[in-house]
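The structure under discussion appears below in the form of structure tokens.
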Amino acid sequence: MEKTEVKQLLQDPEHYRDREIEISGWVRSNRDQKAFGFLALNDGTHFHSIQVVYERETLADYPRISRLRAGSAVTVRGVLATAPGARQPWEIKAREVIPEAEAPEDYPIQPKRHTREFLREVAHLRPRTNLFAAVFRVRSLAAFALHRFFQERGFVHVHTPIITASDAEGAGETFRVTTMDPLDPPRTHRGEVDYSRDFFARKTNLTVSGQLEAEAFALAFKKVYTFGPTFRAENSNTSRHAAEFWMIEPEIAFAGLEEDMELAEAMIKDVVGYVLAQAPDEMNFFNEFVDTGLRERLQQLLQARFARVTYTRAIELLQQSGQDFSYTPSWGQDLQSEHERYLTEQVFQKPVFVTDYPREIKAFYMKLNPDGRTVAATDLLVPGVGELIGGSQREDRPEVLEERMRELNIDPAELDWYLDLRKYGGVRHAGFGLGFERFLMYITGVNNIRDVIPFPRTVRSCHF
RNA sequence: UCCUCGAUAGCUCAAUGGUAGAGCAUCCGGCUGUUAACCGGAGGGUUGUAGGUUCGAAUCCUACUCGGGGAGCCA
């Protein structure tokens, strides 16, 4: 008797053929007939379930086993054999089926198609479905591939803080972190809330980005990356926004925008290639049931050289397109979603870096170009998802940086440490932020961010 | 936050002003290789909530709640 797992069995079935094995997992479906029955058993190690055949003649407690409902857990002892005339080549002929835990009749996951909306309401059970088993295995593999990509290139992984005091990054609304009594906070003599008596003796919030801290480490280790949770308290009601999501933020020193884009392109191709190779069953499932163009699009991505276009040129292309946009493209305005989609899906038909945006529509830390009108920023637009990456070369001239901060009403005193980085050996450097969930949407074809996060947190929704 | 669509059995959906139904799931029975098995039977409903119109409301009106899609903000 050998304890084993479905993944091992299906990787090398000949090795296990006719051998006594033991396997434990959950029942996906159970069909019994007069003399025998079939369990579809999934043990979580493999996308596919394995079929278990049990016979009335040889199984002592056949009536009980034949009534086991989907969701029940069992241990099966038997031999691996080829399945006659069956859809799957291998099955287990059970000698013994031991119920480990039975699921009552109100188990919500049926062997049928469920809507994603319903499954979100049972997020604790949805990883037992084909779709979510595939999504979350791919999520795990993609996370590993990202670490591997950076580690193999000598990048140092930085754990940037989750709680921060910098309120000046301009990356959206923040969640306040406090231990004060909301009904009766300490107050100053003028009646204002006195944050100096809060836990950290100042106003603090959950991080909206690890970039500024990553820059500090890039100016010591030369190549670093962060990979962690990020929090935005924005009232965004879309399929692409969550209040809690994960970001990858590489930062490289002695490098500019060109190197930044090369890094982003290599990273995306590496991870997509890894997932395609490591999760063929999951990717086949997405291609068949989620997005029938997925495989072709990802294969093209691996082959294609990502396009590069300046913001100024992109505006020209949009203006000359003859398209009837809801918003007329004009220089100085941010690109609308419809413009981004048109560029990546129609004009280039592949991922495209848009570079050198007007300074007025980008953040204070981005390097001012010699033309004085644009900054060395880039957004990577991809078909289907839109903006996947936002990056830039960082402003490394202290006087220009400080001037930009004053322009945008950011108090330089609050970010004195950030200005120090320019003061002491602050070479040119660049970086970008990749929204991990948006990347997963792109890889899997799943079109709602709530379905690529195990337990999603969005506006007015924080269950589980 | 704005625009738009929706909410009926555990799930997916019918019923468009006149007796709330089907498929799946569940339960019972049948079936000698099933695989979204099949065949027969049974149970299962305050039609999202609160008001209103009407002889009569799942259906029409108002508000609210929740959800989908789109926009803005962004990753």
Side-chain angles (χ1 to χ4, degrees), chain A residues 28-41 48-57 66-67 69-71 81-88 91 93 103-122 125 129-130 169-173 208-211 229-249 289 326-327 334-341 361-363 379-382 385-391 432-442 447-453 458-461 463:
Chain A
R28 284 286 181 89
S29 71
N30 187 7
R31 300 174 295 276
D32 86 289
Q33 298 183 78
K34 194 174 188 178
F36 45 82
F38 302 94
L39 291 173
L41 190 68
H48 291 297
S49 302
I50 192 153
Q51 175 161 283
V52 175
V53 198
Y54 54 93
E55 296 184 34
R56 190 183 291 273
E57 224 172 78
S66 69
R67 280 191 194 85
R69 282 172 289 258
T82 52
R87 187 175 294 171
Q88 67 288 327
E91 66 184 14
K93 289 197 178 302
E105 60 186 74
D106 58 355
Y107 181 61
I109 310 290
Q110 304 162 18
K112 60 166 274 191
R113 189 187 164 278
H114 289 290
T115 58
R116 316 251 169 100
E117 292 79 24
F118 170 69
L119 290 169
R120 268 172 225 150
E121 294 171 12
V122 286
L125 299 173
T129 65
N130 284 332
E169 292 156 42
E173 295 296 311
V208 293
S209 164
Q211 179 200 315
T230 308
F231 308 88
R232 305 270 168 97
E234 248 131 50
N235 188 10
S236 297
N237 294 285
T238 80
S239 55
R240 306 184 308 284
H241 290 85
E244 177 182 298
F245 63 99
W246 286 61
M247 254 205 310
I248 297 96
E249 295 177 291
F289 294 106
S326 308
Y327 294 86
D334 219 342
L335 295 177
Q336 302 290 314
S337 287
E338 57 178 342
H339 303 149
E340 295 183 343
R341 271 203 309 275
I361 60 174
K362 286 295 183 183
D379 283 358
L380 178 66
L381 311 179
V382 297
V385 172
E387 186 183 337
L388 189 63
I389 280 177
F432 63 83
L434 168 75
F436 185 48
E437 283 81 10
R438 289 200 183 165
F439 191 25
L440 288 173
M441 291 166 73
Y442 187 67
N447 55 19
N448 195 311
I449 199 167
R450 297 170 183 85
D451 297 331
V452 296
I453 303 181
T458 55
V459 189
R460 294 194 311 279
S461 175
H463 303 296

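Proteins come first, then strands; the chains are lettered A, B, ... in the order of their sequence lines, and each starts at number 1. Side chains are part of it too, since the values below use all heavy atoms of this structure and drop only hydrogens, waters and symmetry mates.
- A/E249 meets the salt bridge (charged side-chain N to carboxylate O under 4.0 Å, His left out) test with no other residue; sequence neighbours excluded.
- Side-chain N/O atoms of A/D334 and A/Y327 include no donor and acceptor closer than 3.5 Å.
- With B/A75, B/U32, B/G69 as the choices, the nucleotide that has an atom nearest any side-chain atom of A/I449 turns out to be B/A75.
- Although no hydrogens or angles enter the test, the distance criterion places no donor-acceptor pair under 3.5 Å between the side chain of A/E173 and the main chain of A/E234.
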**OP:** Show your reasoning for whether side chain to side chain contact (heavy atoms under 4.5 Å, CB included) applies to A/I109 and A/L119.
**Re:** CA-CA 8 Å; A/I109 310 290; A/L119 290 169; 3.7 Å; yes
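- In this entry the distance linking CD of A/E338 with C1' of B/G72 reads 12 Å, nearest Å.
- Residues A/F436 and A/T230 fail the side-chain proximity criterion, which asks for heavy atoms closer than 4.5 Å.
- With a 3.5 Å limit on both pairing distances and Watson-Crick or G-U wobble geometry required, the stems of 3 or more pairs in RNA chain B span B:1-7 with B:65-71, B:10-13 with B:21-24, B:26-30 with B:38-42, B:48-52 with B:60-64.
- A/S239 has a side-chain polar atom (N or O) that falls below the 4.0 Å cut-off from OP1 or OP2 of B/G70.
- Side-chain proximity of A/Q336 to B/G72, B/G33, B/A75: nearest is B/G72.
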Please tabulate, one pair per line, each protein N/O and nucleotide N/O from nucleotides 1-8 of chain B that are separated by under 3.5 Å, including the distance.
from : atom 1 : to     : atom 2 : distance (Å)
B/U1 : OP1    : A/N235 : ND2    : 2.9
B/U1 : O4     : A/N237 : N      : 3.4
B/U1 : O4     : A/N237 : ND2    : 2.6

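- Note: CG (A/N447) to P (B/G69) measures 7 Å, nearest angstrom.
- Scanning for ring pair (Phe, Tyr, Trp, His ring centres under 6.0 Å) contacts around A/Y442 gives an empty result, with sequence neighbours left out.
- Partners of A/A35 under the side-chain contact (heavy atoms from CB on, under 4.5 Å) rule, at least two apart in sequence or in another chain, do not exist in this structure.
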Give the table of side-chain donor-acceptor pairs shorter than 3.5 Å for residues 239-246 of chain A, with sequence neighbours excluded, one pair per line with atom names and distance.
from   : atom 1 : to     : atom 2 : distance (Å)
A/H241 : ND1    : A/T238 : OG1    : 2.6
A/H241 : NE2    : A/R438 : NH2    : 3.4

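- Closest to the side chain of A/F38, from the set B/A75, B/U34, B/U32, is B/U34.
- Atom name C1', nucleotides B/A22 and B/G45: the rounded distance is 15 Å, in whole Å.
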Would you list the protein and nucleotides 11-14 of chain B atom pairs, both N or O, that sit under 3.5 Å from each other?
from  : atom 1 : to     : atom 2 : distance (Å)
B/C11 : O2'    : A/H114 : ND1    : 3.3
B/C11 : O2     : A/K112 : NZ     : 2.6
B/U12 : OP1    : A/T115 : OG1    : 2.7

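- Residue A/R120 contributes atom CZ, which lies 16 Å from atom P of B/C66 at whole-angstrom precision.
- B/A75 has its base stacked against the ring of A/F245, the centroids being under 5.5 angstrom apart at an interplanar angle below 30°.
- Under the rule for a salt bridge (charged side-chain N to carboxylate O under 4.0 Å, His left out), A/R450 has no partner lying at least two apart in sequence or in another chain.
- In this structure, A/N448 and A/R120 have side chains that are in contact, with non-hydrogen atoms separated by less than 4.5 Å.
- Partners of A/Y107 under the ring pair (Phe, Tyr, Trp, His ring centres under 6.0 Å) rule, at least two apart in sequence or in another chain, do not exist in this structure.
- Taking atom CZ of A/F436 as the reference point, atom C1' of B/C74 lies 19 Å away to the nearest angstrom.
- Between A/R28 and B/A36, a side-chain N or O to OP1/OP2 separation shorter than 4.0 Å is absent.
- Comparing the C1' positions of B/C55 and B/G69 gives an interatomic distance of 41 Å, to the nearest angstrom.
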**OP:** Start with the C-alpha gap between A/S326 and A/E338, add the side-chain angles, then the distance that decides, and say whether side chain to side chain contact (heavy atoms under 4.5 Å, CB included) holds.
**Re:** CA-CA 8 Å; A/S326 308; A/E338 57 178 342; 3.6 Å; yes
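- Put simply, OH on A/Y442 is 16 Å from C1' on B/A75, counting in whole angstrom units.
- With sequence neighbours excluded, no residue forms a ring pair (Phe, Tyr, Trp, His ring centres under 6.0 Å) with A/F439.
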**OP:** Using a 4.0 Å heavy-atom cut-off, write out nucleotides 26-31 of chain B from 5' to 3' as B (base contacted by protein), S (sugar-phosphate only) or - (no contact).
**Re:** SSS--B
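- When the P atom is compared between B/A50 and B/U4, the two are found 26 Å apart, to the nearest whole Å.
- Atom CH2 in A/W246 sits about 24 Å away from atom P in B/C74, given to the nearest Å.
- When the P atom is used for both B/C11 and B/U46, the distance is 13 Å, rounded to whole Å.
- Checking B/G33, B/C74, B/A75 against the side-chain heavy atoms of A/M247 singles out B/A75 as nearest.
- Heavy-atom distances to RNA chain B give each of A/H463 and A/I389 a nearest nucleotide, and the one nearer the 5′ end belongs to A/H463.
- Taking atom C1' on both nucleotides, B/A15 is separated from B/U47 by 11 Å, rounded to a whole Å.
- Summarising the geometry, the separation between CZ on A/R240 and P on B/C74 is reported as 12 Å, rounded to the nearest angstrom.
- Separation of the P atoms belonging to B/A58 and B/C2 is 31 Å when rounded to the nearest angstrom.
- Between A/L39 and A/Q51 the shortest side-chain heavy-atom distance does not fall below 4.5 Å.
- A side-chain donor from one of A/R31 and A/S29 sits under 3.5 Å from a side-chain acceptor of the other.
- Taking atom C1' on both nucleotides, B/A25 is separated from B/G67 by 23 Å, rounded to a whole Å.
- Shown here are the salt bridge (charged side-chain N to carboxylate O under 4.0 Å, His left out) partners of A/D379, two or more places apart in sequence or in another chain: A/K362.
- The distance from atom CZ of A/R116 to atom C1' of B/G69 is 14 Å, rounded to the nearest whole Å.
- B/A14 and B/G48 have their P atoms separated by 14 Å, given to the nearest Å.
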